[in-house]
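Notes follow once the structure below has been shown.
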Amino acid sequence: MKDRHDIYDFAAIESKWQKWWQDHEVYKVDIDPHKPKYYTLDMFPYPSGAGLHVGHPLGFIASDIIARYKTLQGYNVLHPMGFDAFGLPAEQYAIETGQHPAITTKNNIERYKKQLKRMGLSYDWSREIRTCDSSYYHWTQWAFIGLFQHWFDKKLQKARPIEELKELFARHGTHLSYAATHSHDKTPSLSADEWQKLNSEEQDRYLLNYRLAYQEEASVNWCEALGTVLANDEIQDGLSVRGGHPVTQKNMKQWKLRITAYAERLLSGLDSLDWSESMKTVQRNWIGKSHGMDIHFPLSTSSHSIQIYTTRADTIYGVTFLVLAPEHPLVKVVTTHEQKASVEKYLNRTAQKLEAPHGTQNTTGVLSGSFAIHPLTGHKIPIWISDYVLMDYGHGAIMAVPADDERDRKFAQCFNLPIIENHTVGTPLESCSHTQEAIEKIYTILTNTDSTTSKPKRRINYKIKDAIFARQRYWGEPIPIYYKNHIPYPLPLKDLPLLLPDIDSYHPTPQGDPPLARADHWTNKHGHPLETNTMPGFAGSSAYFLRYCDPHNTHALASKEALSYWQNVDLYIGGSEHATGHLIYARFWHMFLHDIDLAPTQEPFQKMINQGMILGTSQYAHRSKGTNTFISYDLTRSHDTQRIPVDIRLFRQGHLDIEAFKAWRSEYATATFQCNNNGHFLCEEVVEKMSKSLFNTMSPDEVIDDYGADTLRLYEMFLGPIEQTKPWSVTKIEGVHRFLKRFWRLFFRQGEWHVSDEELTDKELTLLHKTIYEVRRSTENYQFNTAISAMMSVTNILTRQEIRKYHILKPLTILLAPYAPHIAEELYARLESTKVPSLFKHGKLPDYNEDFLLNNTWNAPVAINGKVKFTLPLQLDENKESIQKQIQQHEKFHHILKGKAITKWIIIPNKMINIVTKK
RNA sequence: GGGGACGUGGUGGAAUUGGUAGACACGCUGGAUUUAGGAUCCAGUGCCUCGCGGCGUGAGAGUUCAAGUCUCUCCGUCCCCACCA
């Protein structure tokens, strides 16, 4: 009995096929003009030192199922994988241990690859990308230079070469309203003559204000402990996301990307995308488009005026004070002599303030001493300075309407400022019933005042800010820029890639310069100093999906030919936490590459799926305080107990293995256990984030060792809907594993291979077509759990009825193949007597016969409570008589009713007809 | 404060998208068979009732021949963003 063939030996099957696939390059793809393409992509992982846990592969498995499914459908499927390899953890590790980040990173990648391969994922590894390879970051640097060499034409909504801007300046002067520049542009406009008189250095300095990659003195989030600036999405509650170090504001010269120029395209592009509404909403909020008005408030004692931005111009009669941000350029002008001391004190305090958690700040502010004139009422209104107004939104100045705005009200109450309720009473706005109407009226009134101040301006404003594109770190892409007289110039393209140099220490220099300043001869060929900043984390992930199309090209990011074949990503799977980081930057980067005729489409990711997080189920044993006696959780009410996290591996069939627990820690060796009435010892179960300290993590390798990769894949998909957050639980893997064993045994009788060639009965055909329909529909809707259920169901039926027919087992095996590829390959090879090399090369997804289904299942009559109910497909756009006639003439009508009388028939418009009879 | 998602058995979750609610799985109960296998097989399992039958998708209303699904109100849960004028 030892060598029964019906034992499902997953370990042997899986290692056999994984080797076979690798040896025969089954998943290698090339351009094939005779086949339609499909591009499915995972967000490539950052290879951390901890390896993968069971929550990571969820998305990988989902995209692998789609990749294999599409392959079987006849598509040429691009399904690549790579590694986002630059980043802080490897560098922090290097600082602590002295080991070069390249080595740490390489080791981590090897481990990740091994884990991924064991899961039977069908990646074309010949296309692997690592962002830290110079052959890859060559093209990241190339794109950066491209951004540097272009400006944005707001009229055409498109990037154009900087040379064209030079020509325009020479012809028309620099006052071009359609050339995108900073929101607080302080550069004076030049006439054409003045421009032409500038020497080339002066022109270059001037052009920096228009390049898509530019430098600017800016207030940045500085993290002293990490020695670098951080992006907003790298900070949470005033602390760095990595490491939890404090973050302060600091002024520094920074590289930035003019992503704000693309705000409108980033916003409108969302409409065409097949993303979840919540994902689109997050991006819309991040871009933060608003329609409003710029209004000037003249100062009472000087010729200056304060420009404010408001979306609610209709509340202008309720304005009782103005507020400037502490960094506002007019703060110096409006501060009176008497207030100077307190204003300076306030400014000092706010400048040093840590980023406090939002919503917890106290209301603070200081009076400037000056007054502005209300443009409509002529009243003198005080000007305040407060940090609740942000310099980088609007103009850094607001008109405060404490009657309508909660923040203004809070401020007014704090400083005892007047609040005008019902401020429209007695004004021209009294008759307006809609906000929009009132705003229009205000616009007209302000436009027609004959005051000397500037007229109001309609304005569309965006919250999105230009992205800071520099980190003062070592382990990132060097920025391919050199300086001549402190003006930045790009390296010639032929000198790329600019290699990351080796250095002896990863700390900043004693002068506070970034680590790259430690490199020997960090200059270009002519001795000009090179940029010492490196690129931020999102640089390498902004075009990797294009590189996969042609990963070994040494002349371009990717060839025209490859890109015009593979186009954009059809399906992108990854976490929703990248909504405001990577997914915005990558879309921006891709739009720029589209503008310069490289990327074939506007948008990079057509369909997006965000896999939900997998949580851990922690187990806590309760110990009576001060004793070594453990109490079953259902009995703890009468005891004062202490919770102790227990390794989930110590559980068998949902119960704590007490002997294993005693052996786990020496202190528990002598512990005693109080069980409940059923003789069980229960632990408290808590669903929470996976964490090593709670002993609730599990690696995919452990599951594969015990149950095999196919079971892991099925189980991860069977847990629930892919986008949902859900707990991992060890006890339920058995179910899907049992299904695979059952499926395997379907092909055997008494330990021997037994598949017959008999034709299928109508009943069996119905079952088959129904299953094909359900599995295909579910898979195409990414409802993988439902698809698996359908396959389980049919397997149960076949097992019970002992149906072992080739004509049903073969299509079912192919249906299972995307989900459990190893077992499917093995059974398929046996079914076809190993005539064919691989299911994934030659298999074809079975089709269902729609007519067959319609006749046999959809319209099948069903008995409900003694009545017969069925539906008929009819032409329902006719009159009543005609429908009645159709029913009477319908072939099925006579067959099903067999003389029973119709008591009721109901027409559902445009759909079908329900007929109900008495029995 | 703003936005989004959701609420179905003891549990995870299905429901041809408006048409037999609870598929499939876990768990549990009983039984069969076998013991070295991560067993297998059969029956049962929403609630009330001995049964007939009745009631059931967070609560209440509405639309409809028909509502878990659509509309409104309320209750509750989760997530994201947030001094954005």
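Letters A, B, ... mirror the listed sequences (proteins, then strands); counts begin at 1.
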Identity of whatever pairs with [N] - Watson-Crick or G-U, under 3.5 angstrom:
N	value
B/G56	none
B/U20	none
B/C6	B/G76
B/A67	none
B/G51	none
B/C41	B/G31
B/G1	B/C81

Can you see if the side chain of [X] gets near the phosphate of [N] - specifically, an N or O under 4.0 Å from OP1 or OP2?
X	N	value
A/R745	B/C41	yes
A/N285	B/A82	no
A/N796	B/A25	yes
A/R284	B/G3	no
A/R738	B/G38	no
A/R777	B/U17	no
A/Y393	B/A85	yes
A/R742	B/C41	yes
A/K741	B/U40	yes

Validation row, ring centre A/Y715 to ring centre A/H737 under 6.0 Å: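 For A/Y715 and A/H737, the ring centres are not under 6.0 Å apart.
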In whole angstrom, what separates [X]'s [atom1] from [N]'s [atom2]?
X	N	atom1	atom2	value
A/H737	B/U40	NE2	C1'	13 Å
A/Y8	B/U40	OH	C1'	17 Å
A/K289	B/C81	NZ	P	24 Å
A/M792	B/C24	CE	P	11 Å
A/Y715	B/G12	OH	P	12 Å

For the student: nearest non-hydrogen atoms of A/D710 and A/I823, plus distance: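 Scanning both residues, the minimum pair turns out to be OD2-N, 2.9 Å.
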Give me the distance, rounded to whole Å, that separates [N] from [M] when you measure between the [atom1] atoms they each carry.
N	M	atom1	value
B/A67	B/G19	P	11 Å
B/G1	B/G12	C1'	36 Å
B/C24	B/A15	P	13 Å
B/U57	B/U69	C1'	10 Å
B/G46	B/G31	C1'	24 Å
B/G68	B/C81	P	36 Å
B/G13	B/G60	C1'	27 Å

Syn/anti state of B/U17 by chi, 90° boundary around 0: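 B/U17: syn.
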Base orientation of B/G76, syn vs anti, 90° cut from 0: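 Base orientation: anti.
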Single hit among A/V389, A/I385, A/D387, A/I383 for side-chain contact (heavy atoms from CB on, under 4.5 Å) with A/V323: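 Per the side-chain contact (heavy atoms from CB on, under 4.5 Å) rule, the option paired with A/V323 is A/V389, out of A/V389, A/I385, A/D387, A/I383.
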Basic-acidic side-chain contact under 4.0 Å: [X], [Y]:
X	Y	value
A/R776	A/D847	yes
A/R284	A/E277	yes
A/K280	A/D274	no

Between A/T711 and A/Y8, a side-chain donor and acceptor under 3.5 Å: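 No - no donor-acceptor pair under 3.5 Å links their side chains.
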